[in-house]
Every structure is written in C-alpha cells, then in structure tokens.
Amino acid sequence: MFLRPPFPYRLRAMQLDDVDRVAAIERRSFPTPWPARGYRHELANNKHAFYVVLARLDEHGEEHILGYAGQWIVADEAHVSTIAVDPDWRGRGLGALLLHQMVHHALTHDAAVVSLEVRESNEPAHALYARFGFRQVGRRRRYYRDTGEDALLMDLDLSGEDARQRLDALRRALWRRLEGEVWGDTD
C-alpha cells in the first residue's frame, strides 16, 4: 500500500525502466554508488525487496524521479537498505516522505522493527531518523569502504500504539509542509 502525498508528488513501485534514473541520483548522492545492475537484480530476483520511487509531475503530466528508497522484509523485521533524494531537491521533506513510506510499508506487513545503517557523520540523516523515533542500537566498525567510516545501527520499534500515533502525526505535518511548498506558503 502506497501513501498518497499531496499533488504533484507521487510514490510508486520502482520499475526496471526507472533504474537508469535511480542510478543517476545514486551517483550524485553517494561516494561509492551502487551499480544499476544491483537495482535490476533486486527488482527481478529478491522476493523480500520493496523499492519505491518518489516522482513529481510537471505541468504537462511528465514524471520526474526525485528520489527512491528500498527495504527488505524478512520475518518480522524490515531493513531499510537505501534512501536518497536528488541533491537538487533536498531540504524539502522528501527524504522524510520516503522514510515514512518505508515505515508505513513495514507496519502494513506486520514488521515489529525497522532497522538501518547510517554513516556516523551524516547528521541530517540522524536528525531525520530521530524524528521518526529511531534509536542507535550498535555500530559497525569501518563499514564504509570508501572512507573507513563507522556505520551506526539504528532501529525503530513498531510495537505499541505510540509508534503508529507518531507516524500519523509525522504524516500530517509532512503533508502540510508539502502542500505549503506547492501553494507557496512559508513556514
């Protein structure tokens, strides 16, 4: 089940035809990008994978991919494997929209927890994950090969009503922000 963000944004399943555009964002977003063939393999062969794209429709109805996210669900655990927004579109709440879709999907598939790794130096991501209620539960030493940087392990407990209430409140605030951008309102 996909969230329905305010027009002109749209979330949908990633298709093989999207991979070249996703790979272009990947190259602009990460020092060691994942190759396009990796996404093609995931889409075609990984039954546990769920990948989405975030698109914006222009005035002609043409779709422009602005970001993407992916996760695996195995048993009762969801693991966010990737999330990225085109650098030209950052700072608008689109990463939060993608993360919200991942958590929402995990909830609708009865996951008890959502986990992820994040670079220790990625403060904007830390702040985003904290807003969602993720907490640091560990560390992977020298996880990132390009710099030798550690990855922080984070998880979000989905049990209990408070997780659902937090997610609903985040969605309402995010929708107001996205609608404000479209209609020219300022915060």
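Quantities reported herein were computed from a predicted structural model and do not represent experimental measurements. Worth knowing before you read on, the calculation uses all heavy atoms, side chains too, and leaves out hydrogens, waters and symmetry mates. All residue numbers in this chain count up from 1 along the given sequence.
- No hydrogens or angles considered: a donor-acceptor pair under 3.5 Å links the side chains of Glu26 and Tyr68.
- We find that Arg164 and Asp168 are not joined by a salt bridge, their nearest charged nitrogen and carboxylate oxygen being 4.0 Å or further apart.
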Mind running side-chain contact (heavy atoms from CB on, under 4.5 Å) on Asp58 and His64 for me, showing each step along the way? CA-CA 8 Å; Asp58 68 17; His64 302 276; 3.0 Å; yes

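- Trp72 and Glu77 share no donor-acceptor pair across their side chains, judged by distance under 3.5 Å alone.
- Between Glu117 and His79, the side chains place a donor N or O and an acceptor N or O closer than 3.5 Å (distance only, hydrogens not considered).
- In this structure, Ile83 is a member of the same hydrophobic cluster as Leu174, with clusters built from ILVMFWY side-chain heavy atoms closer than 4.5 Å.
- The side-chain heavy atoms of Leu99 and Tyr129, taken from C-beta on, include a pair separated by under 4.5 Å.
- Around CZ of Arg135, the count of heavy atoms belonging to other residues, nucleotides or ligands within 6.0 Å does not exceed 12.
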Between Arg145 and Thr32, is a side-chain contact (heavy atoms from CB on, under 4.5 Å) present by the stated rule, with each step listed? CA-CA 8 Å; Arg145 285 182 249 152; Thr32 307; over 6 Å; no

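- Pairing each heavy atom of Trp175 with each of Pro5, the nearest pair is CZ2-CA, 3.4 Å.
- Among all heavy-atom pairs drawn from Asp157 and Ser159, the shortest one is OD1-OG, 2.6 Å.
- The shortest side-chain heavy-atom distance between His126 and Val118 falls under the 4.5 Å cut-off.
- Using the six-membered ring where Trp is involved, His100 and Phe132 have ring planes that are perpendicular, over 60° apart on the 30 and 60° scheme.
- Classification of Glu63 and Arg56 as a salt-bridged pair fails, no side-chain N sitting under 4.0 Å from a carboxylate O.
- The two residues Gly70 and Tyr51 make their nearest non-hydrogen contact at CA-CD2, 3.5 Å.
- In this structure, Leu170 and Arg166 have side chains that are in contact, with non-hydrogen atoms separated by less than 4.5 Å.
- Separation of the Phe50 and Phe2 ring centroids falls under the 6.0 Å cut-off.
- The one candidate from Arg139, Arg142, Arg119, Arg140 that meets the salt bridge (Lys or Arg N to Asp or Glu O under 4.0 Å) condition with Asp150 is Arg139.
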Given side-chain contact (heavy atoms from CB on, under 4.5 Å), test Met102 with Val52 step by step and report yes or no. CA-CA 9 Å; Met102 294 293 100; Val52 300; 3.7 Å; yes

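- Put simply, the side chain of Ser115 never gets that close to the backbone of Met154: no donor and acceptor are under 3.5 Å apart.
- Taking the centre and axis of the six-membered ring of Trp89, the NZ or CZ atom of Arg92 falls inside the cone set by 45° and 6.0 Å.
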Let's go through Asn46 and His41 carefully: what are the C-alpha distance in whole Å and the side-chain angles of both, what is the deciding distance for side-chain hydrogen bond (donor to acceptor under 3.5 Å, both in side chains) to 0.1 Å, and is it a yes or a no? CA-CA 7 Å; Asn46 186 346; His41 177 79; over 6 Å; no

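- Distance alone, capped at 3.5 Å, is enough to place a donor-acceptor pair between the Gln101 side chain and the Leu3 backbone.
- With hydrogens and angles disregarded, a donor-acceptor distance shorter than 3.5 Å links the side chain of Glu149 to the backbone of Ser121.
- When hydrophobic clusters are built by joining Ile, Leu, Val, Met, Phe, Trp and Tyr residues whose side-chain heavy atoms come closer than 4.5 Å, directly or via intermediates, Leu54 is not grouped with Ile25.
- Using a 4.5 Å heavy-atom threshold, the side chains of Leu158 and Leu156 count as touching.
- Between the side chain of His109 and the backbone N or O of His105 there is at least one donor-acceptor pair closer than 3.5 Å.
- Neither Trp34 nor Leu116 shares a network with the other; the hydrophobic side chains, linked directly or stepwise wherever heavy atoms of I, L, V, M, F, W or Y lie under 4.5 Å apart, form separate groups for each.
- Looking at heavy atoms from C-beta onward, Phe134 lies in side-chain contact with Val114 at the 4.5 angstrom threshold.
- The shortest heavy-atom contact between Tyr144 and Ala151 is CE1-CB, 3.6 Å.
- Arg10 has its side chain within reach of Arg12: a pair of non-hydrogen atoms, C-beta onward, lies under 4.5 Å apart.
- Between atom NZ of residue Lys47 and atom CD1 of residue Ile73 there is a gap of 13.5 Å, rounded to the nearest 0.5 Å.
- Cluster annotation: Leu128 and Leu178 are assigned to the same hydrophobic cluster (Ile/Leu/Val/Met/Phe/Trp/Tyr, side-chain heavy-atom contacts under 4.5 Å, transitive).
- Cluster membership for Val113 and Leu167, using ILVMFWY side-chain heavy atoms within less than 4.5 angstrom, is not shared.
- Legend: residues meeting salt bridge (Lys or Arg N to Asp or Glu O under 4.0 Å) with Asp86, ordered by chain and number and at least two apart, are Arg28.
- Remark: of the listed residues Thr82, Leu66, Val53, Val85, Val85 is the sole one forming a side-chain contact (heavy atoms from CB on, under 4.5 Å) with Leu98.
- Between Asp18 and Arg40 there is no salt bridge, since no side-chain nitrogen of the basic residue lies less than 4.0 Å from a carboxylate oxygen of the acidic one.
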